[in-house]
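A short write-up of the structure that comes next.
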Amino acid sequence: MQTNEFPKPNWIALRPRFLPFSARVDRRVPAVFLVLCAVLLLVLVLSVSYGAYKIALLDVLRAAVGLETSDPNHALVVRSFRLPRILLALLIGMALAASGAIIQGLTRNDLADPGLLGINSGAGVAVVGYITFAAMPNDALLPWLALAGALGASAVIYLLAWKGGVSSLRLILVGVGLASLGGALISYFITRLTLENAQRAYAWLTGSVYASTWPEVRLMALWLLVLLPLAFLFARQLNLFNLGDDIATSLGTRVEQHRLTLIALSAALAAITVTVAGTIAFVGFVAPHIARRLVGPTHEGLLISTVFVGGLLLVVADLVARWVIAPGELPLGVTTAVIGAPYFAYLLYKRGR
Amino acid sequence: MTTPAASVSRSGNGRLIGRAVWLPVGLLVAIILLVMVLAISITQGAAELRLSTIYEALFAYDATVFDHLIIRTVRLPRVVAGVIIGAGLAVAGALMQGLTTNPLASPDILGISAGAAFAVVLGTFLFGGAPLLVTGVLAMSGAAVAAIIVYALASAGRGGATPAKLTLSGVIFAMFTSAFTTAILILDRNTFEQIRFWTVGSLAGRDWEQVLWFGPLVLVGLIGALLLSRQITTISLGQDVAKGLGQNTAVIKAFAALMVILLAGGSVAIAGPVAFVGLIVPHVARVVCGVDYRWIVPFTAVIGAILVTVADTVGRVVLRPQEIPVGVMLAFVGAPFFIYLARWKIR
């Protein structure tokens, strides 16, 4: 590691006095972080104010913190309808982005996506299969099935990619193969469903935060409180993975052990989003890229920025989804694809290889 | 069918003679296998038929015999459709793999099928139940637009259309269009009702009308592929080699792309976006007959037809009376094959 060779270090060291923990972040991180937070707040307020029932920006803030506004309906609309769904979009965006940053760092492939871990296809097969074959589908079971399916698929992919160790390339390819198998199974289930259920299944598969509730927001927030700090603790390992397995090993990393932990973390982060909102594509893939452009590739700062970029992206996507064909509403997954795919094309254009 | 490859590797000296003898024999064996598979496929269904009945239905047709009627109007068009899309998609994949020197190239992975599927879904959404002619035109133009966009996207920027960029832009284009396809299917119930079986990739209920409309297009594509096969062999050795040998690669590539659009667009118009045939079959054919596209194209066509026929037959039989669409069956075969390649063939 270079220490003070450079005249101007382009990083900041964080060494809390009372914690056995230290981190190095890029010098740009604090500024980027503040700007992201400001933009995020602004977009949140805008998003809450927009809808069939328009609310002035100031009233949004007053209603959100529980103050009196000119119209008693404001409190109801803001606090019961809009805030939960928008906050849920925010949290989901954060979780997916963190998951994507981890998997991209781990596989050293900046085109990787949480979907590679079979999250989407696993959850999809479990949920749609259950709806297809259960005599009386119980909606309360669906989140748990989704979680089991998502984590189960990740485990299968990990095991299939295992050959005296898991190489990143094998992981990606096995993921692609299993995802197409899952996709085929889901298509088959959908052909067996009644028309109405089939359309519902499609909507779930595309991802939606329609009619979200506070308990969902709380559940999501709780999970993030546990998983995100864990992800930050492992950020340093991700930096080592960036150097390649061999160098990481020679630097004293227990490569396979850390890889397993990180895969589990990434899978868990993405899997919980599936339980509350179905499968939402592209956020986990795009957010880390934007963050990398903002603060560079060191994972301590990258993870923090990625989380906020992801949240911002999904809140914007949700706003767009409600706005484009108002009073109708596009599935959230469709808008993320519309935002994500052109960005990917741009990325391809810049990469040049 | 492994004999040709074995004989080639055995003696370097007898190579040319060995290939000249064994490849036609191998192809003949494959065709005989295809005919056998087709016959078996026709016998399977709600009512099991005897092989002799098939023979009579074909060569001593009696319109008053119910079984003959079933064979001529239900089962025969279905297997013919299977042969057409199997050969069409597989050869489209072979051409694409040769043109792009990319082993993962195929109509589904490079987004051609997704483009065609999106065009058809959009057409159904806008015009309601579109007549077959419109479906065909839509599928073709969807495939063509997809090919142009994906190729343009991949060749933009530094480095031109490298295999990796081409694959990525194809995958992304497919994801992008399928998001819109899904949006239409979610928002419009009529379209969904009409087309949801088609989007999976299925041969159920295909009749002569579809076969006669789109079969010729695929046939033209197949003949074109055969005619171009020598030039494609050269291109598959690398752009520089082809140019060094004095080939006008741009013209050849444009014609070959046209053939791909005919093959893939016609196949998708018949059976929907059936995946994996275009990816797997050329690899199998290459194991059998080496790198010469004059042999790869016919072998790919026959093996693709066999694969689709077998998949369709098994899909009809395993869960009787229910039917598993051929697209799903092929994924069951194709995905493990893909994982096998990933696990054992790559490092």
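Model, not experiment: these values are computed from the prediction. In what follows, chains carry the letters A, B, and so on, assigned in the order in which the sequence lines appear, proteins first and then strands, with residues in each chain numbered from 1.
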Between A/V334 and B/A183, what is the shortest heavy-atom contact and its length? CG2-CB, 3.8 Å
Scanning both residues in full, the closest heavy-atom pair of A/A337 with B/F176 reads O-CD1, 3.6 Å
Taking side chain as everything from C-beta outward and backbone as N, CA, C, O, which of these in A/L181 sits under 4.5 Å from a heavy atom of chain B? Side chain, backbone, both or neither. both
Quick note, side chain to side chain donor-acceptor pair (under 3.5 Å) partners involving residues 124-134 of chain A, not counting sequence neighbours, are none
Identify which part of B/I149 has an atom lying under 4.5 Å from any heavy atom of chain A, answering side chain, backbone, both or neither. neither
What are the two closest heavy atoms between A/A184 and B/A331, and how far apart are they? CB-CB, 3.1 Å
Select one option (side chain, backbone, both, neither) describing which atoms of B/D108 are under 4.5 Å from chain A's heavy atoms. neither
Contact part of B/F173 toward chain A, heavy-atom cut-off under 4.5 Å: side chain, backbone, both or neither? neither
Is there a side-chain contact between A/F282 and B/I172, using heavy atoms and a 4.5 Å cut-off? yes
Go through the atoms of A/A198 and report whether side chain, backbone, both or neither lie under 4.5 Å from a heavy atom of chain B. both
Count the heavy-atom pairs under 4.5 Å between each of A/L160, A/L185, A/T336, A/T335 and chain B, then report the option with the highest count. A/L160
